Enquirer: 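Got a structure here, written out as structure tokens. Questions coming.
Because the structure is a prediction, the values reported are computed rather than measured.
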Amino acid sequence: SEATFWFRLSVDNQTGQDMVWYLEHQYAVIDEIDFYLPTSNGYLVFQSGDKRLFSRRPINYRTNLFPVQQPNGITTVYLRVRSKGTILVPLVAWAPSAFERHKNIDLAFNWCYYGIMLAMFLNTAIDQQVEKYKAESGREPSETDYEKIKADVLANIRGTVQADILKEDQGQNTCIFSIEFALKMMG
């Protein structure tokens with residue numbers, strides 16, 4: 001949908017003092033999301049979304065994360081959401097210490113996941129070239145041939161893995177490889 005949706009959220013701070021917390025919108029591939037936080041001078045507006053520069057986000061994180069400094073009592077905040085794709089609005093309120101624990105676990109999981117995916121990709125790339133060698137030569141590669149195939153595959157991967165901190169126009173990690181390499185891998 002290309003429509004704009006507004007969401008209102010009222011939060012009651014009953015601590016008797018100012019409170020700092022984060023509001024996370026966990027659906028990272030939303031085009032535009034604006035967070036309106038009331039202040040004594042009007043509204044403080046934070047902008048995020050995968051169609052906006054990553055460097056402009058209020059907090060450097062892979063999802064849309066907004067800082068909230070809330071006085072005692074009820075505060076009503078607003079979210080403006082717009083996207084050409086599916087609009088999901090899963091929200092999580094985090095205490096700063098809880099978010100730090102979550103972020104560390106999330107980061108460790110992502111490093112493991114992408115490491116495994118990269119290892120599987122490289123192994124498959126090497127296996128495909130070994131199969132191509134067997135089809136062309138009609139024999140199994142020797143240990144020397146296998147090492148040469150492996151070195152050739154690894155030398156010809158000219159892709160880059162970019163974390164979302166480096167990716168200005170998307171809110172997700174991407175893996176980019178040259179067309180020449182992709183065509184070699186397809187045979």
Side-chain angles (χ1 to χ4, degrees), residues 1-121 159-177:
S1 171
E2 290 194 43
T4 299
F5 296 90
W6 286 87
F7 299 89
R8 179 179 59 210
L9 177 67
S10 294
V11 183
D12 190 4
N13 175 6
Q14 298 179 353
T15 63
Q17 57 190 1
D18 287 359
M19 181 171 65
V20 175
W21 54 282
Y22 299 125
L23 181 65
E24 179 185 15
H25 173 253
Q26 293 187 314
Y27 188 62
V29 290
I30 206 87
D31 291 350
E32 297 175 6
I33 183 167
D34 298 335
F35 178 70
Y36 293 79
L37 180 65
T39 67
S40 58
N41 299 328
Y43 283 92
L44 181 59
V45 181
F46 296 108
Q47 296 183 327
S48 191
D50 69 357
K51 295 294 183 194
R52 293 185 168 147
L53 293 176
F54 190 85
S55 60
R56 304 288 304 247
R57 291 184 179 198
I59 296 175
N60 181 0
Y61 191 60
R62 67 180 186 83
T63 61
N64 304 299
L65 189 67
F66 305 102
V68 180
Q69 193 154 13
Q70 181 181 359
N72 193 45
I74 297 174
T75 299
T76 301
V77 298
Y78 297 90
L79 288 170
R80 186 188 73 79
V81 178
R82 182 179 177 146
S83 192
K84 287 184 180 177
T86 304
I87 293 184
L88 298 174
V89 188
L91 300 172
V92 177
W94 292 100
S97 59
F99 177 74
E100 285 301 316
R101 283 191 303 274
H102 164 75
K103 184 173 76 171
N104 290 337
I105 291 168
D106 187 53
L107 184 62
F109 172 79
N110 281 323
W111 274 105
C112 291
Y113 175 80
Y114 288 111
I116 290 167
M117 294 304 292
L118 181 61
M120 288 172 46
F121 171 79
T160 58
V161 177
Q162 298 175 317
D164 50 11
I165 189 171
L166 301 174
K167 190 72 175 156
E168 290 289 335
D169 63 341
Q170 292 185 5
Q172 64 232 19
N173 294 331
T174 58
C175 207
I176 301 168
F177 295 95

Enquirer: Supply the atom-to-atom distance Y114 OH to F121 CZ, rounded to the nearest 0.5 angstrom.
Expert: 15.0 Å
Enquirer: Just verifying a value: how many Å separate Y27 OH and L91 CG, rounded to the nearest 0.5 Å?
Expert: 14.0 Å
Enquirer: Answer whether the closest heavy-atom distance between the side chains of F66 and V77 falls below 4.5 Å.
Expert: no
Enquirer: Could you tell me if the side chain of T63 sits less than 4.5 Å from the side chain of H25, heavy atoms only?
Expert: no
Enquirer: May I ask you to check whether over 12 heavy atoms, not counting those of F7, lie within 6.0 Å of atom CZ?
Expert: yes
Enquirer: Measuring from R101:CZ to K103:NZ, what's the distance to the nearest 0.5 Å?
Expert: 13.0 Å
Enquirer: Less than 4.5 Å apart, side chain to side chain, heavy atoms only: is that true for H102 and E24?
Expert: yes
Enquirer: Which value, rounded to the nearest 0.5 Å, describes the distance between W94 atom CH2 and L65 atom CG?
Expert: 9.5 Å
Enquirer: Tell me, please, which residues at least two apart from Q47 pass side-chain contact (heavy atoms from CB on, under 4.5 Å).
Expert: D34, V45, R52
Enquirer: List in chain and number order the residues that pass side-chain contact (heavy atoms from CB on, under 4.5 Å) with S10, two or more places apart in sequence or in another chain; answer none if no residue qualifies.
Expert: I74, T76
Enquirer: In Å and rounded to the nearest 0.5 Å, what is the CD to OG1 distance from E32 to T4?
Expert: 7.5 Å
Enquirer: In the structure I gave you, are the side-chain heavy atoms of V20 and V68 within less than 4.5 Å of one another anywhere?
Expert: no
Enquirer: How many angstroms lie between CZ in F35 and CG in L23, if you round to the nearest 0.5 Å?
Expert: 5.5 Å
Enquirer: Quick one: list whatever passes salt bridge (charged side-chain N to carboxylate O under 4.0 Å, His left out) with D106, sequence neighbours left out.
Expert: R62
Enquirer: Tell me, please, which residues at least two apart from P67 pass side-chain contact (heavy atoms from CB on, under 4.5 Å).
Expert: Y22, F46, P58, I59
Enquirer: Tell me every residue that passes side chain to side chain donor-acceptor pair (under 3.5 Å) with Q14, counting only those two or more places apart in sequence or in another chain.
Expert: D12
Enquirer: So, using side chain to side chain donor-acceptor pair (under 3.5 Å) as the criterion, who are the partners of N72 when residues are at least two apart?
Expert: none
Enquirer: Using modelled atom types and a 3.5 Å cut-off, is there a donor and acceptor pairing between side-chain atoms of N64 and backbone atoms of G49?
Expert: yes
Enquirer: Do side-chain atoms of N13 reach the backbone of Q70 as a donor and acceptor pair under 3.5 angstrom?
Expert: yes
Enquirer: In chain order, what residues pass the side chain to side chain donor-acceptor pair (under 3.5 Å) check against S40, with sequence neighbours excluded?
Expert: none
Enquirer: Does A93 have any side-chain contact (heavy atoms from CB on, under 4.5 Å) partners at least two apart in sequence or in another chain, and if so, which?
Expert: W21
